[in-house]
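The next block holds one structure in the form of structure tokens; read it before the comments.
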Amino acid sequence: MDADNMADVAGLVGKAYAQQAAEAGGSIKRVFHNLLHHRKCPLDGWDERTIEMLLHELSMLDSNNFLGNVGVGEREARIASSLVARRHYYMGHGVGRSGDIAAIQPKAAGSSVIAQLTNYLTLDLAQSVGLTRMQGCIVVPVATGMAMVLVLLTLRERRPSAKYVVWPRIDQKSCFKSILAAGFEPLVIENVLEGDELRTDVSAVEQAIAQYGVDAIACVMTTTSCFAPRGCDRVEDVAKLCKALDVPHVINNAYGLQSSKCNHIVNESVRVGRVDSVVQSTDKNLMVPVGGAIILGPDKKFISAISKIYPGRASSSPALDVFITLLQLGINGYKKLMAERKRMYDYLKEKLTKFAEAHGERVLHTPNNPISIGLSLTSLPPCGDQSLTFFGSMLFSRGVSGTRVIVPQGQSTIGPRTFKSYGAHFDSYPCAYLTAAAAMGVTERDVDLFIARLDKAFDQYKRHAARTTSTSVPTQPANTTATTATAAADQQQQQQEDDADDGAIVAALAQLESA
């Protein structure tokens with residue numbers, strides 16, 4: 001309340017109580033002032049009530065929330081559902097204007113403040129966790145693949161004669177399809193196998209640029225975070241090459257912001273070479289719903305140019321989610337999550353190593369991948385006509401999500417390109433494998449349950465494969481009904497045993513947590 005209203009409050013409850021309340025309100029106002037003035041992510045997170053108070057105050061700056069406002073335009077932030085209105089804190093104008101997603105909306109000062117502050121806070125967070133050379137930032141309301149399209153379209157304006165994007169292979173469809181969607185042709189650079197790990201063939205990148213000519217190259221697109229056994233690209237070497245040849249360099253840092261190692265690699269690449277923009281996901285790195293991406297860069301003007309490529313207004317939901325999350329976590333809260341994620345990587349690797357030793361497998365050696373871990377699957381026998389990927393389905397049916405079972409065989413066509421052994425990042429990787437990631441938010445309980453269910457799935461798969469093999473040998477005609485009933489009974493018994501094991505694990509973990 002302002003001074004006049006507080007004077008009236010004093011007339012109702014007394015000056016002493018009114019003064020005490022005014023001082024408490026002043027503390028909150030100073031918190032808001034610091035945010036608006038310094039535009040920095042708080043070191044320590046705010047409580048939910050303070051965040052909601054700010055959101056409600058800012059929402060009152062949007063015209064649809066003005067007392068007595070009469071809207072006669074075609075877009076007046078009218079919201080039919082009160083539930084939807086509350087979900088968005090009564091802000092319905094979105095972000096940007098028709099010609100620039102970063103532009104201020106005359107009807108929506110509050111929403112525009114949130115959008116602008118989100119960019120400032122996100123940049124501050126990025127600089128605080130190692131990306132000190134980033135100077136520009138925009139949070140866009142599209143996921144990583146479409147954000148890459150925006151970057152590539154901006155490069156098209158600056159390099160109108162360019163036709164190609166040089167792309168060290170990563171078997172993740174959105175990367176490849178972003179190049180096609182932007183109207184470019186991918187020049188696929190196959191990886192090289194070094195031990196277990198797949199690395200960038202920098203000389204092949206240089207040869208591709210020389211073959212097609214610098215002017216024909218829109219950019220080189222490298223990748224940091226990825227599925228094992230692919231390691232982070234040799235981003236620094238590529239950055240040096242791009243600087244020497246004057247070729248733009250775009251980095252797909254999809255879930256690398258949560259990794260201090262990835263951030264160091266990106267930051268050093270800016271120092272020693274050329275980096276035009278770095279794209280990362282909001283959901284993977286900040287644990288918000290899917291729908292946004294963070295575009296960073298060392299040149300503010302280039303990031304601003306990207307904002308002008310986006311046609312029309314856009315949803316404010318991704319920016320609002322990031323804004324709330326950064327205020328609630330703070331810099332220290334996010335760094336704590338990063339440290340815990342790194343510890344979980346070591347924990348997951350330790351558990352997988354012990355599992356591998358017990359089952360005659362091994363953890364793939366991929367020292368340049370700080371998030372994803374690969375486990376060989378060489379001991380699993382064929383299972384009738386089913387591919388080994390059936391093992392991944394078994395894990396999913398046991399409530400394990402996020403793993404990938406890769407069998408290096410066959411081919412897959414995406415757009416104009418046919419890839420051999422798609423998913424493996426390589427035409428002829430020497431073994432089938434499973435991947436699991438220690439991404440932000442994973443817990444010891446997650447890892448322990450995963451290993452327990454993995455162990456059970458291994459045993460069940462081998463039993464199933466043995467039964468399949470035995471039934472493939474010609475025998476006397478069997479009673480089909482009895483065989484089916486026996487199989488169903490075996491499956492039910494196995495499921496009961498698995499449920500009991502999971503229950504015992506959960507109970508043991510609960511006891512540890514309470515202790």
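Of all the heavy atoms in D321 and T325, the pair that sits closest is O-OG1, 2.7 Å. Counting all heavy atoms, side chain and backbone alike, G94 lies closest to Q105 at O-NE2, 3.2 Å.
Both the sub-6.0 Å distance and the 45° axial angle are not jointly satisfied by R230 relative to the ring of F426.
Screening T200, T222, N368 for a side chain to side chain donor-acceptor pair (under 3.5 Å) involving D233 leaves a single residue, T200. Each of V31, L117, L54 was checked for a side-chain contact (heavy atoms from CB on, under 4.5 Å) with L36, and the lone residue meeting it is L117.
A donor-acceptor pair shorter than 3.5 Å cannot be found between the side chains of N252 and T224. Counted by atom type alone, Q172 and S174 present one or more donor-acceptor pairs between their side chains at under 3.5 Å. With no hydrogens or angles considered, no side-chain donor-acceptor pair links S63 and N65 at under 3.5 Å. Side-chain contact of K308 with S304: a donor-acceptor pair under 3.5 Å is present, judged by distance alone. N119 and T122 are not linked by any side-chain donor-acceptor pair at a separation below 3.5 angstrom, with hydrogens and angles left out of the test. Between N369 and S372, the side chains place no donor N or O within less than 3.5 Å of an acceptor N or O (distance only, hydrogens not considered). A side-chain N or O of D448 and one of Y347 form a donor-acceptor pair less than 3.5 Å apart.
Using a 4.0 Å cut-off between charged nitrogen and carboxylate oxygen, K240 and E236 do not count as a salt-bridge pair. Between D246 and R274 there is a salt bridge, with a side-chain nitrogen of the basic residue lying less than 4.0 Å from a carboxylate oxygen of the acidic one. Taking a cutoff of 4.0 Å between a charged side-chain nitrogen and a carboxylate oxygen, E194 and R234 qualify as a salt bridge.
Residue R87 qualifies as open at atom CZ: its count of foreign heavy atoms under 6.0 Å is 12 or below. Other residues, nucleotides and ligands contribute at most 12 non-hydrogen atoms within 6.0 Å of the CZ atom of R49. Heavy-atom neighbours of E52 CD from other residues, nucleotides or ligands within 6.0 Å: above the threshold of 12. Within a 6.0 Å radius of NE2 in H56, other residues, nucleotides and ligands contribute more than 12 heavy atoms.
Residues satisfying the ring pair (Phe, Tyr, Trp, His ring centres under 6.0 Å) test with Y422, not counting sequence neighbours, are F419.
Between Y255 and F227, the two ring planes are tilted [angle within 30° to 60°].
Panel note: side chain E185, backbone L187; no donor-acceptor pair is recorded below 3.5 Å.
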